[in-house]
Protein chains: 2
Amino acid sequence: MRRTKAHAEATRQQILHAAERVFFEKGVSNASMEEVALAAGVTRGAIYWHFANKSDLFMELYKSVPLPQEDMIARELEVEGVDVFAVIERMAAEWLEVLAKDEQRQRILSILLRCDYGGELAPVLAQQQQVFDEHVRILEKAFARAAEMGKLDRCWTPRALASSFCWMMKGLCVEWLLFGRRFDLAAEGRDGLSRFIRGLRAA
Amino acid sequence: MRRTKAHAEATRQQILHAAERVFFEKGVSNASMEEVALAAGVTRGAIYWHFANKSDLFMELYKSVPLPQEDMIARELEVEGVDVFAVIERMAAEWLEVLAKDEQRQRILSILLRCDYGGELAPVLAQQQQVFDEHVRILEKAFARAAEMGKLDRCWTPRALASSFCWMMKGLCVEWLLFGRRFDLAAEGRDGLSRFIRGLRAA
DNA sequence: GAATTAACATACAGAACTGTTTGTATAACG
DNA sequence: CGTTATACAAACAGTTCTGTATGTTAATTC
């Protein structure tokens with residue numbers, strides 16, 4: 001039965017949400033279109049109407065995830081006279097809090113971490129690499145400014161610190177997402193980052 | 001044609017090696033037994049003779065990976081008067097060097113990171129969690145001893161430091177393994193860890 | 001308001017994969 | 001040296017999944 005344009009968009013969103021849950025629970029390659037359809041309350045026909053195949057569905061799901069706004073971060077860090085460390089600490093803590101509360105983001109990041117990017121999904125991996133590199137680049141720039149002002153402990157170089165910081169953030173999130181959420185991400189993450197950053201300031 | 005006992009064990013190893021490569025390239029759930037058999041130079045019959053099914057094959061592959069010897073690490077760290085930080089730094093660096101050189105270990109760890117542990121593979125995930133927790137526990141104990149001797153910077157608590165250290169290591173390895181080995185793991189990892197640890201010592 | 005087309009549901013054909021069964025040559029054993 | 005069990009290969013049966021083709025209903029268009 002033909003539905004209105006708005007209704008069609010609604011079922012499209014239903015399918016995306018269902019795919020997100022099913023992909024998260026069973027893994028992308030273990031999930032069948034039938035299962036996604038069942039979870040969305042439609043038939044496979046509806047899915048194949050809106051999406052070409054499973055890879056396309058995955059790509060659209062990936063495109064629907066809100067990316068961290070690097071521009072905003074970068075701009076705030078470039079303000080003159082700002083305490084770079086405090087800003088970075090606050091931003092990292094905010095990111096952890098958002099992730100800890102937003103179950104959709106948790107599911108999508110888990111899916112992205114575990115799926116295998118051989119073949120059609122390669123561009124998704126490339127884009128993730130690009131986002132990560134951009135984060136490192138922004139942090140490096142910020143730490144370089146702190147270093148120029150003599151605020152960065154001499155044992156760190158901006159590059160090494162930016163990398164290490166991102167590694168720690170990634171390890172923290174991976175441990176939480178992939179290994180059972182066995183601790184309070186926001187609280188313990190903020191605590192660890194806070195202590196880490198405290199040690200960065202020049203004595 | 002029946003083969004000798006030793007020959008049978010050889011084909012079993014061939015199958016395990018082939019599974020390792022195929023699982024790594026296509027992901028566990030995307031790999032078919034036929035592909036593994038082809039890569040091993042046998043037929044599916046041989047695989048089903050040696051292993052019950054794909055899960056069993058995966059479990060045996062997992063069991064064949066040499067685990068880090070926590071006992072040795074723990075014992076070395078408990079020596080009286082040892083420089084805890086130096087030992088930990090050296091051990092972490094050694095681990096990174098081993099990983100950077102041992103392609104088999106790289107493949108197996110990549111497989112373990114990306115496969116989904118729903119159902120039969122759950123015990124593998126549980127064991128990985130246990131190993132991680134044990135690492136954190138050992139480090140915490142070591143850092144606690146350093147703290148007692150007044151060698152640990154006051155802004156760190158042993159627990160928080162152990163967690164943060166493991167997060168950084170995990171993030172480092174995950175970034176390298178899952179996102180294209182785009183840097184020198186041993187060199188850059190050692191550099192970051194060295195700088196990090198330098199900041200831990202009490203002023 | 002008849003024709004058209006969008007938004008699906010249903011049915012179908014085929015591929016792929018799994019697990020088992022059967023066949024078989026030969027090593028191992030008495 | 002005959003028998004038996006082993007280490008597979010090959011064939012088979014059954015299921016599951018995918019992609020498409022067709023059917024159906026209601027919105028839209030003219």
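Just so it is clear, the model here is predicted, and its values are computed rather than measured. Naming convention: chains lettered A, B, ... in sequence-line order (proteins, then strands); numbering from 1 in each chain.
Between A/R90 and A/D83 there is no salt bridge, since none of the side-chain N atoms of the basic residue sits less than 4.0 Å from a carboxylate O of the acidic one. At a threshold of 4.0 Å, the pair B/R195-B/D191 counts as salt-bridged, since one of the basic side-chain nitrogens sits closer than that to a carboxylate oxygen. Electrostatic pairing of B/R107 and B/E25 does not count as a salt bridge here, judged by no charged N lying under 4.0 Å from a carboxylate O. The pair B/R198-B/E89 fails the salt-bridge criterion, with no side-chain N (NZ, NE, NH1 or NH2) lying under 4.0 Å from an Asp/Glu carboxylate O.
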CA sep, side-chain torsions, deciding dist, call: A/I88, A/F165, side-chain contact (heavy atoms from CB on, under 4.5 Å): CA-CA 10 Å; A/I88 290 176; A/F165 188 86; 3.6 Å; yes

Worked verdict on B/R145 versus B/E78 for salt bridge (Lys or Arg N to Asp or Glu O under 4.0 Å): CA-CA 9 Å; B/R145 285 188 51 227; B/E78 279 168 6; over 6 Å; no

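The closest side-chain heavy-atom distance from B/L200 to B/K151 is not below 4.5 Å.
Against DNA chain D, the stretch residues 40-55 of chain A makes heavy-atom approaches under 4.0 Å through A/R44, A/Y48, A/N53, A/K54.
Atom CG of A/N30 is separated from atom P of C/dT18 by 11 Å (rounded to the nearest Å). Atom CD of B/Q14 and atom P of D/dA7 are 15 Å apart (whole Å). The distance from atom CD of B/E34 to atom P of C/dA15 is 16 Å, rounded to the nearest whole Å. If you measure from atom CG of A/L57 to atom P of D/dG19, you get 11 Å, rounded to the nearest angstrom. Atom P of nucleotide C/dA15 and atom CE of A/M33 are separated by 19 Å, given to the nearest angstrom. Regarding B/K26, its NZ atom lies at a distance of 12 Å from the C1' atom of C/dA16, rounded to whole Å. Regarding A/E9, its CD atom lies at a distance of 10 Å from the P atom of C/dC8, rounded to whole Å. A/Q13 places its CD atom 16 Å from the C1' atom of C/dA7, with the value rounded to the nearest Å.
Each end of the helix from C/dG1-D/dC30 to C/dG30-D/dC1 gets its own rotation axis from five pairs of C1' atoms, and the angle between them is 10° to the nearest 10 degrees.
A close approach under 4.0 Å does not occur between any side-chain nitrogen or oxygen of A/T11 and OP1 or OP2 of C/dA7.
Considering CD of A/E9 and CD of A/Q14, their distance stands at 11.0 Å, rounded to 0.5 Å.
Donor-acceptor pairing under 3.5 Å is lacking for the side chains of B/E134 and B/Q130.
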Summary of protein contacts for nucleotides 25-30 of chain D, nucleotide by nucleotide, where a base hit scores B, a sugar-phosphate-only hit scores S (4.0 Å, heavy atoms): BBBS--

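Between B/F85 and B/W156, the gap from one ring centroid to the other reaches at least 6.0 Å.
Counting non-hydrogen atoms of other residues, nucleotides and ligands closer than 6.0 Å to CD of A/Q13 gives a total above 12.
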